[in-house]
Structures are given as structure tokens and as C-alpha cells.
Amino acid sequence: MSTPAARLRLMPSTSAVLHAVLLLAPLQATASCAMEDPPLLSLRVVNDHVRSEDRSLHIRLHESGCVTIRRPGFHRAPGQFSGVVKGEQMAMLMQVTGSESLRTMRADAVLAAAEAEATASRAAGTAPLKHYISHPTVYVLDFHGRKPDQLRFDSVFQYEVFYPDAPAVAEAAQAVRAMLALDDLDGLQAVAVQP
């Protein structure tokens, strides 16, 4: 039979174990939510000079609101992370990324139309000259099962500046920007990578 003093000696170690369990519980929950949950939308960001998969940023949003992120080694905080999007932010993401026009968009056609309009404006002397993009960054939105299932838009933010009056370019940039914001989501937790 334990004495009150013995029980008191046990409390710090019991408390430490309980504290460790509470700390690990959210990590396990967020790490496993990606396994149970079908992906809804993902974004891959690749620099033109480093097109290997291990040097690209991957952000994936799942139907439950779970977010999984894989950051490359040169990121300010590399590794794998997960978190949860809820309420208004999830609704905003669905509004910004869920349009039929975004899914059916073809970047080459959008840019050709924007350039034709800018050329006409330049001829009238109302638009600045287009700038050259030497090292494009590739943004790939994957719609996971909805057709068309992918939108690739190189250097979308530069084109947004080049063509400020092109609504389709602005729509693509807004969708990519909304997905990129998940990389700064409050409450992201590091996920241990299995060897």
C-alpha cells in the first residue's frame, strides 16, 4: 500500500507522461488525418532551376479541412507539417478555388488573350511594355478527380502585374495566393517522417 508521500513522489513522473501524451495527441491526429481523408486541392511550387520533387513546396488541402505541407530543404522552416483549416477560411478557400472557370482555364490561352489586349493598348499608348521573365516559377493546382484536374500557370504573380486588366490572370493568382497562405496557417505542427 502506498503512503501519501510515495504518491506525491509518483505525481511528477505521472504528470510528465500525461503532458507528453497531450503534446503527442494533436501531432498524431494531424499526421493521420491526411491518411484517412481524400485530398480536395493541392498546390505544387517549383522553381525553373530546381524541378526535382524534393526541392518543391507541396501544399495539400483535404476534404475535412486538414492541411499537409511538405517544405523543401532550402525553405525557412523545412520539413513536413500539418494543421486544420476551419470555418470562414475554409469557406473562402472553396469560393476562391472552386469555380468552373478556374478548373477549365488554360494558362496559354489566358496569356495569349491578355497579351493581345495589352498589345492593342500599347498601340494606343495606354499600357506599359511587357517585361521578360528569366527564371519562371511553376505553380500547379491539382483539383483531385474533378475534370479538368490540373492547372499549371508559370509565374502567375508576374503575369498578374503585367496584365492588371485580365480577370482570368487575377483569378488564377488569387487561387494560388490562397493556397500559399496555408503555408503560414496558425497551429501548424511538425510531422515526423517515417524512415
Side-chain angles (χ1 to χ4, degrees), residues 13-100 102-103 105 107 136-157 160 171-195:
S13 61
T14 306
S15 175
V17 169
L18 180 59
H19 185 65
V21 168
L22 289 173
L23 282 176
L24 289 174
L27 177 63
Q28 292 166 344
T30 52
S32 64
C33 70
M35 302 298 290
E36 318 166 334
D37 201 11
L40 184 63
L41 186 67
S42 62
L43 173 69
R44 187 165 37 99
V45 183
V46 188
N47 185 279
D48 187 54
H49 284 297
V50 285
R51 288 184 181 257
S52 64
E53 285 296 306
D54 62 333
R55 293 182 61 81
S56 56
L57 171 67
H58 291 257
I59 300 172
R60 181 174 285 182
L61 175 65
H62 296 260
E63 288 182 5
S64 68
C66 175
V67 176
T68 55
I69 297 171
R70 191 183 82 199
R71 299 170 177 163
F74 56 83
H75 192 281
R76 67 185 184 279
Q80 295 193 27
F81 298 83
S82 64
V84 178
V85 177
K86 295 179 182 175
E88 289 181 10
Q89 190 174 7
M90 186 67 169
M92 183 275 296
L93 273 165
M94 293 301 91
Q95 181 180 1
V96 169
T97 63
S99 72
E100 183 72 16
L102 184 69
R103 286 200 311 276
M105 186 181 295
T137 299
V138 178
Y139 299 93
V140 181
L141 278 169
D142 195 323
F143 300 102
H144 293 286
R146 292 170 289 166
K147 299 294 181 185
D149 62 354
Q150 199 174 82
L151 169 63
R152 173 188 163 141
F153 212 122
D154 295 7
S155 303
V156 68
F157 299 122
E160 184 184 29
E171 181 181 14
Q174 185 180 23
V176 170
R177 195 175 283 115
M179 286 296 290
L180 283 173
L182 296 177
D183 193 30
D184 291 317
L185 185 67
D186 287 340
L188 284 178
Q189 295 194 9
V191 175
V193 180
Q194 297 296 326

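Heavy atoms only: backbone and side chains are in, while hydrogens, waters and symmetry mates are out.
- Among pairs with a residue in residues 78-92, none fulfils salt bridge (Lys or Arg N to Asp or Glu O under 4.0 Å), at least two apart in sequence or across chains.
- When the side-chain contact (heavy atoms from CB on, under 4.5 Å) test is applied to Ser42, the partners found at least two apart in sequence or on another chain are Arg60, Asp142, His144.
- Pairs engaging residues 176-188 under the side chain to side chain donor-acceptor pair (under 3.5 Å) rule: Arg71-Asp183, His75-Asp183, Arg76-Asp184, Glu160-Arg177 [sequence neighbours left out].
- A pairwise comparison of heavy atoms in Leu61 and Val85 identifies CD1-CG2, 4.4 Å as the closest pair.
- For Gln95, there are no side-chain contact (heavy atoms from CB on, under 4.5 Å) partners at least two apart in sequence or on another chain.
- Taking Tyr139 as the reference, Phe157 meet the ring pair (Phe, Tyr, Trp, His ring centres under 6.0 Å) condition, with sequence neighbours excluded.
- Taking 4.5 Å as the limit, every side-chain heavy atom of Val67 sits out of range of all side-chain heavy atoms of Phe81.
- Checked options Val140, Thr137, Val46, Val138; the residue passing with Asp154 is Val138 (criterion: side-chain contact (heavy atoms from CB on, under 4.5 Å)).
- Nearest heavy-atom pair, Ala178 versus Met92, reported as atom, atom and distance to 0.1 Å: CB-SD, 4.4 Å.
- The line from NE2 of His58 to CD1 of Ile69 is 12.0 Å long, rounded to the nearest 0.5 Å.
- The minimum heavy-atom distance between Met90 and Glu63, with the atom names listed, is CE-O, 3.9 Å.
- Taking the side chain as every heavy atom from C-beta outward, Thr97 and Leu40 never approach each other to under 4.5 Å.
- Closest approach of Arg103 to Gly98, counting heavy atoms only: NH1-O, 3.2 Å.
- For the atom pair Gln89 CD and Met94 CE, the distance stands at 10.5 Å (nearest 0.5 Å).
- The two atoms that bring Pro72 and Ser56 nearest to each other are CD-O, 3.7 Å, heavy atoms only.
- For the pair Val96 and Leu102, the minimum side-chain heavy-atom distance is 4.5 Å or more.
- Every residue was checked against the side-chain contact (heavy atoms from CB on, under 4.5 Å) condition with Pro78, not counting sequence neighbours, and none meets it.
- No side-chain heavy atom of Phe153 sits under 4.5 Å from any side-chain heavy atom of Leu141.
- At least one side-chain heavy atom of Leu93 sits less than 4.5 Å from a side-chain heavy atom of Met179.
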